[in-house]
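All of these numbers come straight from a predicted model, not from anything done at the bench. No hydrogens, no waters, no symmetry mates; every other heavy atom, side chains included, goes into these values. To find a chain, count down the sequence lines: A is the first, B the second, and so on, and within it residues start at 1.
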Amino acid sequence: MDIITLLWNWILVNPMANALVLLNNAFFGSFGLSIIIFTVVMRGVTFPLTLRQLRSSRAMSAMSGRLQEIQKKHKDPKRRQEETMKIYREAGVNPLGCLLPMVAQLPIWFALYSVLRLTVGDVPESTISLSKHLYPWSFIQQAVPLSNKFVGLNLGQPNVILAVLTGATMFVQQKMTTPPAMDERSASMNSTMLWMMPLMFTYFAISFPSGLALYWVISSVVGIVLQYVYVGSGGLTWRNLLSLQPAPAPKPAASQVTPAAQKTEPDEDEEGEEAEAGEAVADERRYRKRSRRGKRRRKR
Amino acid sequence: MKHVASGDCRRSKIQTSRAAKALGLGLFSLSLVLLLTACGGVTSPKGWASPLITDSTLLVAPNHQSLADVDLQANSRNWTFPPPKSNISLTALYGTPAVSQGVVLVGAYNGTLYALNLSDGSEKWSARTQGHIVGGPVASDGTVYVGSADRCLYAFAVDGGDQRFNPFCTGEKIWSTPAVSNGVVYFSSMDKKVYAIDATTGEAGWPQPFKADGAIASTPVVDSGTVYVGGLDNYMYALDASNGQMRWRFKADDWIWNRALVSGGTVYFGSLSGKVYGVDATSGELRWDKPFSANGVVRGGAATVGSTLIVATDQGNVYGLDASTGSQVWSSRAGSGVLSDLVVDGGMVYYSTKSGDVQKVDPANGTITSVQVPQ
């Protein structure tokens, strides 16, 4: 356990603490400002992962027309799911793609929490602990004590306003990134995710130092801006902002409609059980044909 | 034969994907809650108030959240403050209490200075500051002085609690205990300065405060016209008590946050990395061949009994050193970390552990004995 703590401090906590103190010195002794700058830098560092997720979002947004066609064409939810996954595979979209940037940020959150308790905890014991984490450079050491005040906030204590902002910005970001559901079950799950995550983070933000909430708010704002620049609003408008449903899919362009899909798919309302089995085989063949077609198109 | 395998496979992949998402979310939430609540540094104040021995009574802070007066001869507790079922919460006690004119003076982390009757622990008066009180109060000539995290030094009459002069305010919080000598109050502030003010009027005693390179949380010590104080810039400073001019400074290896001990022309102090130094009080040169390396943070002030220097660390290690050479004579385990100052009484050295227990150590051989605080 000591080795783990040592490595954890050496790799994450110490560099982060010293970076924040350095930024604090550079930005007029404002620790709040240094958290903001640090957040932007961290989003820059994790940008490659975010870019993957944004590209996934963009691809899903571009497929919205085809997805809507599937929704109209197939009444059977299972069939709809199958066709949806086929399209995802063709486009190289990973439904789990949104998790990766979040998972990558987890250690940053944990380390930042530790750092905030050391730097702006404002308790004598934490100041003693801080001495073990700062590098022996005079311009770092002389920054102590660090001011925990920022625009009326005490960064070492929870703050309700920041907690609410955390939930709100996360809600908006979720709304912009959650894809439209293809069936009731997906819609239910998406709706749950949409409010559950922001509520969860609001609860965390109320329980932890407001410096961490500040990080989350800025991070969400950066995420919203990136999403808007790369993908667009995702169908989000002021009218549906407060709705607990994901934003509706934007109307597809005419080019997104695929006439070929309409011609080849049989009407599944008329299929019996045996016909469905045979259909699965036919589906497999059609899928392979389409994959090859898609590959040829991409090569061109 | 049904050819549904491929369709089933795709459906199962969809279900797996959803399950993985749900699982990922669940694990993420759980790990977030667990790690953020279990790991990380300290945010709640714990306290490290040293015991105080006066006549035959021991003033001690059990768990550093209350003050108890113990009759050492009768082995009984005389009183506890706050009394049971009281709605007063001290939060934590860091500074050593002071006793003057039959009044016990104690500053609490809740920002209030309390004056208690020594006989029964009843509250005589109290004064609230705008910030936490971390340093202890000091009393001299009927006046008690205490610094606060609201950046100001306060002076009250011991008898009635009347303010002697307007609070003297600095640029940052005051975490040190003041020192009084020859009508002058010396104290340090986290704004990197050491101040000297007139004990009666509160007017500045030096042309200007002494400015160090780093914040200062240590209590200054005045001895033979020199003020000794260590800072979070790794330096131990010796200042001319009359004008605040620096006589010398000694660079240690880490932050200095303990009260220096001046004895026999030597200044003894420790650093937060565990190094203990014995420095010539006049020249500022190291008297020992090398500093002593203790295991743990040396936060509490050292004590000397005869030729033995005793220091304690936050890891619970108590050391007896040869005061003239710095070499180890003995070492013992306190069981719990020690951040309080060490207090000498009757040839024994007393201290409080982090868990609030009071122990005493025999300087001759390092034998540690717990001091039972009766309920």
Determine yes or no for a side-chain-to-main-chain donor-acceptor pair under 3.5 angstrom, with B:Asp233 supplying the side chain and B:Gly214 the backbone.
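Indeed, once roles are kept as given, a pair shorter than 3.5 Å links the two residues.
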Is a side-chain N or O of B:Trp255 found less than 3.5 angstrom from the main chain of B:Leu232, in a donor-acceptor match?
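Confirmed, B:Trp255 side chain pairs with B:Leu232 backbone.
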Is there a donor-acceptor contact under 3.5 Å linking the side chains of B:Thr170 and B:Ser189?
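Note: B:Thr170 and B:Ser189 side chains meet the donor-acceptor criterion.
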Distance-only polar pair, side chains of A:Glu125 and B:Tyr94, donor-acceptor under 3.5 Å:
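Yes, side-chain donor-acceptor contact under 3.5 Å.
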Examine whether an atom of B:Asp253 lies under 4.5 Å from a heavy atom of chain A, and if so say whether it belongs to the side chain, the backbone or both; otherwise answer neither.
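Contact with chain A is absent: no heavy atom of B:Asp253 under 4.5 Å.
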At a heavy-atom separation under 4.5 Å, does A:Leu134 approach chain B through its side chain, its backbone, both, or neither?
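The side chain, not the backbone.
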Given heavy-atom pairs under 4.5 angstrom as the criterion, report whether the side chain, backbone, both or neither of A:Ser138 touches chain B.
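Neither; nothing under 4.5 Å.
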